[in-house]
Amino acid sequence: MLMQDKVSLVTGVANHRSIAWSIARALDREGSRLAISYLGEREREGIDRIVGELSRPPLLVPCDVTRSESVDETLAAVGNEFGRLDSLVHAIAFARREDLEGRYTDTSRDGYHLALDVSAYSLNALVRAAEPLMIDGGGIVALTFLGSERACRNYNVMGVAKAALESGIRYLASELGAKGIRVNGLSAGPVRTLAARGIKDFPAMLRAHEERAALRRNLTVEEVANAALFLCSPWSSGITGEIIYVDGGYRMMGG
Ligand code: NAD
């Protein structure tokens, strides 16, 4: 029971395929009390279908990270219910479909702003609102992808957003470390989810991973979730400001 007596907020659950859902299940399995935030009614319906799989009912709160009031209301609801927070999972990303294909060069100003607002600035907004509730410190983890540091075909503006997210992780970690709040990134290999479906030729990404990763296979979502659990838990108490790769050894391979 790694998360006994802990309270966790998991963002980014859209349906049973969401990486965030597997992380919520792992936190629940290890004894954490849970708050789950969702974007809108469609996502709420997805959650209602699966929420019975958890050992106890979570607090369900709507949260649109493009609106500061919505983020503040979400954390206020967590505070009212539990009075504290020990871990926060950021599993949110969005870019327009037309910006996830073709040339990055052609990304519009609006598309760029939207992708960076939802996928990168949202971590600042959530962490700032969560900080007063993290009275005993804790672990924050944000999901990222290799497209932040390599030019991955069709990942385009999302790669730039992930670079901003990863840099933000280091700044947040440096500022919040004195309070015992740790902030890390988890860079996952490709996993079939709703967000992944928005990337053109995503199956080609899965095939390339299977061929080139040291483990010669794709990852299970549970493998990603268990690493996120570790980063949320006291077992990673000495780790902050890092990007941990859960990619089956794809990134480190040479030719
Ligand atoms: P997903 O579609 O299940 O999750 C994305 C979530 O972002 C959804 O729940 C969606 O509702 C939420 N979201 C979008 N706009 C929002 C907004 N304005 N406010 C609040 N929430 C909003 O897909 P996923 O693949 O599980 O994505 C979770 C995270 O994992 C993302 O950051 C993604 O970039 C990252 N990631 C995914 C993969 C992959 O291959 N699937 C690999 C590495 C990293």
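This is a predicted model, so every value here is computed, not measured. First listed ligand is number 1; within each ligand, the first listed atom is number 1.
E81 and R33 are not joined by a salt bridge, as no carboxylate oxygen comes within less than 4.0 angstrom of a charged side-chain nitrogen. A salt bridge is absent between E222 and R29: the closest approach of a Lys/Arg side-chain nitrogen to an acidic carboxylate oxygen does not fall below 4.0 angstrom.
Taking Y250 as the reference, H209 meet the ring pair (Phe, Tyr, Trp, His ring centres under 6.0 Å) condition, with sequence neighbours excluded. Residues forming a salt bridge (charged side-chain N to carboxylate O under 4.0 Å, His left out) with E30 (at least two apart in sequence, or on another chain): none. Partners of Y38 according to the ring pair (Phe, Tyr, Trp, His ring centres under 6.0 Å) rule, which considers only residues two or more places apart in sequence or in another chain, do not exist here.
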Can you give me a line-by-line list of nitrogen or oxygen pairs between ligand 1 and the protein shorter than 3.5 Å?
{"unit_1": "ligand 1", "atom_1": "2 (O)", "unit_2": "A195", "atom_2": "N", "d": "3.0"}
{"unit_1": "ligand 1", "atom_1": "3 (O)", "unit_2": "S18", "atom_2": "OG", "d": "2.6"}
{"unit_1": "ligand 1", "atom_1": "9 (O)", "unit_2": "G12", "atom_2": "O", "d": "2.8"}
{"unit_1": "ligand 1", "atom_1": "9 (O)", "unit_2": "A14", "atom_2": "N", "d": "3.4"}
{"unit_1": "ligand 1", "atom_1": "18 (N)", "unit_2": "D64", "atom_2": "OD1", "d": "3.0"}
{"unit_1": "ligand 1", "atom_1": "19 (N)", "unit_2": "V65", "atom_2": "N", "d": "3.0"}
{"unit_1": "ligand 1", "atom_1": "23 (O)", "unit_2": "T193", "atom_2": "OG1", "d": "3.2"}
{"unit_1": "ligand 1", "atom_1": "25 (O)", "unit_2": "T193", "atom_2": "OG1", "d": "2.5"}
{"unit_1": "ligand 1", "atom_1": "26 (O)", "unit_2": "I19", "atom_2": "N", "d": "2.9"}
{"unit_1": "ligand 1", "atom_1": "32 (O)", "unit_2": "K162", "atom_2": "NZ", "d": "2.9"}
{"unit_1": "ligand 1", "atom_1": "34 (O)", "unit_2": "K162", "atom_2": "NZ", "d": "2.9"}
{"unit_1": "ligand 1", "atom_1": "40 (O)", "unit_2": "V191", "atom_2": "N", "d": "2.7"}
{"unit_1": "ligand 1", "atom_1": "40 (O)", "unit_2": "V191", "atom_2": "O", "d": "3.2"}
{"unit_1": "ligand 1", "atom_1": "41 (N)", "unit_2": "V191", "atom_2": "O", "d": "2.8"}
{"unit_1": "ligand 1", "atom_1": "41 (N)", "unit_2": "T193", "atom_2": "OG1", "d": "3.2"}

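Side-chain contact between L100 and N154 is absent, with no heavy atoms from C-beta onward closer than 4.5 Å.
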